[in-house]
Amino acid sequence: MKNFRLMAIAALVLVALASCHKTDYIQVIPQESSCVVSANIAKMATDGDLANSNLMGVVNQYMGLITAGDARQQFQHYVYNPADLGIDFTQPVYFFMAGDITGGTMRVADDDDVEKFVQMLNSQGLCSNVQTTDGVKLTQFLDDIVFAYNAHTMLMLVNVSGSLVQARQIAAQLMNQDKASSFVETEAYDEMDDQSDRDIVAYTNGAALSGELLESVKSLLPTGIRPVDIELFSSVAFEKGKAVLSAEITGKSQTAQKLLDDGNENFHKIEGRYLEPQEGFATWIAMGVKGSWLLEHLKQNPRAKQTLLMLERAIDVEAIIRSVDGDVAITLSKDFDTEKGLAGADFMLMANVENTDFLKDVDYWQKTMKQYDVSMSRTKGNDYVLKASDYSLNWGVDGKDVYFASAKMFAANATAQRSQLLSSRAKEIKKSQVYVYMDLESLLKHARTGNPALDHVVSQLKAFVLKSKSSNSVEFSLELKDDSQNFLKAVL
């Protein structure tokens, strides 16, 4: 019994030590942080074979511009031997924003090595002399960046409002912050920790959003939810043949979460009715959606609203959209120009409708559209050609499917070879409510940026894929032509 107690105590001590090792350096992050990002530097460096990448050549070139002689050799040593910095890169590096504070924190593996590195920076005039406050060593790097470190934590603060004296005080306070006051004690940290196998993980709440991003988030949120009511968790994984970014919005309260969940009522899984577009397509966009929701959100987009108003001169396009309750798929060719809208656009839209009651008004539409210099003729059955001075459009109904298409796409549709590319992805498409596939290989075939490094990346891209399984989550993927090696290794 005594041995059992000793073993139990030893086990508890080991758990406590492991827990401390994992989170002690993260305790400096303020609990009220509006944005926190973790990066698995060691994992990315290994998977991407960073030591042998073109990026290292760029780093060496840059060092050659700012250093020379012994200093350059010292910097090169640390670049190729990062373990000698005294930082434990096997633990994630964290970056955070809290009010006017922006900073980062890393786990110290050997504070003697950290001290040697700081002394080398000081000898080069890159940082100030080290001072000690409340057991914390402090220095300034390039005059406006504060570094604070001790035996287990390296903290960096930038963009702190106020004087450098205040920044040093804040750094010392954060270094001595207790766990109960830190981000580690939040549910947001637990959620990030659950995704620790990803290369990059980020948490953001509404307070961190601004500008175009804030407006974009507002437009996507259900009525009754404000950006301050939500939290956004996202992650990036660099895998073999692709890079994957996943994001999920969650409500900060039960009421907000319920409103987010209710958004799923307007969507359903894609049934896969239109998985074989014409061979050679460039972009395919599909969703399972209710027409009433789709119409409401199309009206919120200025370009889509303009197109709707143009079509309303001829047909009751709103009645057609409201009748949608099923799969919607848009196929775009490589020649599609978003700036031209319908004029000259090469596209086909297919939608599954709940009813075709709108067909009873076709004769009335034909009579009233003349005042807008628009004409419509029936080619056969429920197939029509709509003509105006600036566009020509084929549309019609086949059973419970309604279509709109450019003249070129419509003419080719009957005899065109059908692509099997999407059929091979049918399983993942049918698990999604929204799915987008862009053939980057064809769209960027002749693209040149003038930047050799960027052109190298572009030349390897195969596809961009977006898929969403719920109204508050989405996943983006950049796929490579060669799926045999890690994404970072391929592009760097």
Side-chain angles (χ1 to χ4, degrees), residues 24-39 41 58-60 62-89 91-178 181-183 208:
D24 52 5
Y25 74 107
I26 313 173
Q27 285 181 204
V28 300
I29 302 176
Q31 192 171 92
E32 68 277 10
S33 295
S34 58
C35 180
V36 179
V37 178
S38 69
I41 303 296
V58 175
V59 171
N60 277 324
Y62 180 71
M63 284 194 300
L65 296 175
I66 62 173
T67 61
D70 291 342
R72 183 178 181 181
Q73 290 182 347
Q74 287 177 310
F75 274 108
Q76 284 180 325
H77 172 80
Y78 283 118
V79 168
Y80 286 99
N81 301 276
D84 290 348
L85 289 168
I87 302 300
D88 181 4
F89 287 110
Q91 296 294 318
V93 174
Y94 280 81
F95 306 93
F96 61 90
M97 291 173 57
D100 295 328
I101 301 172
T102 300
T105 180
M106 298 173 281
R107 184 73 166 77
V108 170
D110 189 325
D111 55 334
D112 288 336
D113 283 341
V114 171
E115 193 72 43
K116 291 177 185 177
F117 177 63
V118 171
Q119 288 175 359
M120 188 273 290
L121 292 177
N122 181 258
S123 69
Q124 299 299 319
L126 295 174
C127 74
S128 65
N129 293 329
V130 175
Q131 297 179 352
T132 302
T133 302
D134 296 332
V136 176
K137 295 181 179 180
L138 297 155
T139 183
Q140 292 160 215
F141 179 68
L142 298 177
D143 296 329
D144 56 0
I145 301 175
V146 174
F147 275 101
Y149 59 96
N150 58 22
H152 52 73
T153 302
M154 166 72 84
L155 171 67
M156 174 185 70
L157 294 184
V158 297
N159 296 334
V160 179
S161 62
S163 66
L164 280 172
V165 173
Q166 290 173 308
R168 283 171 169 264
Q169 291 174 343
I170 292 172
Q173 290 170 4
L174 291 177
M175 289 289 286
N176 289 297
Q177 179 173 253
D178 60 23
S181 302
S182 76
F183 182 74

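Predicted, not measured: the structure shown is a model, and the values here were computed from it.
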Using modelled atom types only, decide if a donor and an acceptor are shared between the side chain of E32 and the backbone of A98 within a distance under 3.5 Å.
no
Is there a side-chain contact between F117 and I87, using heavy atoms and a 4.5 Å cut-off?
no
Result of checking L174, D144, V28 against L157 for side-chain contact (heavy atoms from CB on, under 4.5 Å)
L174
Mind running side chain to side chain contact (heavy atoms under 4.5 Å, CB included) on V130 and F147 for me, showing each step along the way?
CA-CA 9 Å; V130 175; F147 275 101; over 6 Å; no
Please determine whether side chain to side chain contact (heavy atoms under 4.5 Å, CB included) holds for the pair I29 and S182, giving the CA-CA distance in whole Å, both sets of side-chain angles, and the decisive distance to 0.1 Å.
CA-CA 6 Å; I29 302 176; S182 76; 5.8 Å; no
Test item: R107 and D24 side chains (from C-beta on) under 4.5 Å apart, heavy atoms:
yes
M156 side chain near M106 side chain, heavy-atom distance below 4.5 Å:
no
Spacing of Q166 atom CD and D100 atom CG [to the nearest 0.5 Å]:
10.5 Å
Side chains of P82 and F89 in contact at under 4.5 Å (non-hydrogen atoms):
yes
How close do L155 and A171 get, heavy atom to heavy atom, and via which atoms?
CD2-O, 3.8 Å
Looking at every heavy atom in both A167 and V146, which two are closest together, and how far apart are they?
CB-CG2, 3.8 Å
Would you say the side-chain atoms of T105 pair up with the backbone N or O of Y25, donor to acceptor, closer than 3.5 Å?
yes
Inter-residue atom distance F95.CZ - S33.OG, 0.5 Å rounding
13.5 Å
Closest non-hydrogen atom pair, V108 against A151
CG1-O, 3.5 Å
If we ignore hydrogens and angles and just use 3.5 Å, is the side chain of D111 paired with the main-chain N or O of V114 as donor and acceptor?
no
Any chance you could lay out the side chain to side chain contact (heavy atoms under 4.5 Å, CB included) test for D84 and H77, step after step, and finish with the verdict?
CA-CA 9 Å; D84 290 348; H77 172 80; 2.7 Å; yes
Does D112 offer a backbone N or O that forms a donor-acceptor pair with the side chain of D110 under 3.5 Å?
yes
Non-hydrogen side-chain atoms of F141 and V118 separated by less than 4.5 Å
no
So how far is it from Q27 CD to H152 NE2, rounded to the nearest 0.5 Å?
7.5 Å
Report yes if some heavy atom in the side chain of M120 is under 4.5 Å from a heavy atom in the side chain of Y78; otherwise report no.
yes
About how many Å separate CG of L138 and CE of M175, when rounded to the nearest 0.5 Å?
8.0 Å
With rounding to the nearest 0.5 Å, note down the distance linking CG in L126 to CD1 in I145.
11.0 Å
Test item: side-chain donor near acceptor, N129 and N122, under 3.5 Å:
yes
Heavy-atom nearest pair, F96 first then P30, reads CE1-CD, 3.6 Å
Tell me, which pairs form a salt bridge (charged side-chain N to carboxylate O under 4.0 Å, His left out) where one or both residues lie in residues 124-137, sequence neighbours left out?
E115-K137
With rounding to the nearest 0.5 Å, note down the distance linking CD in Q131 to CD in Q140.
8.0 Å
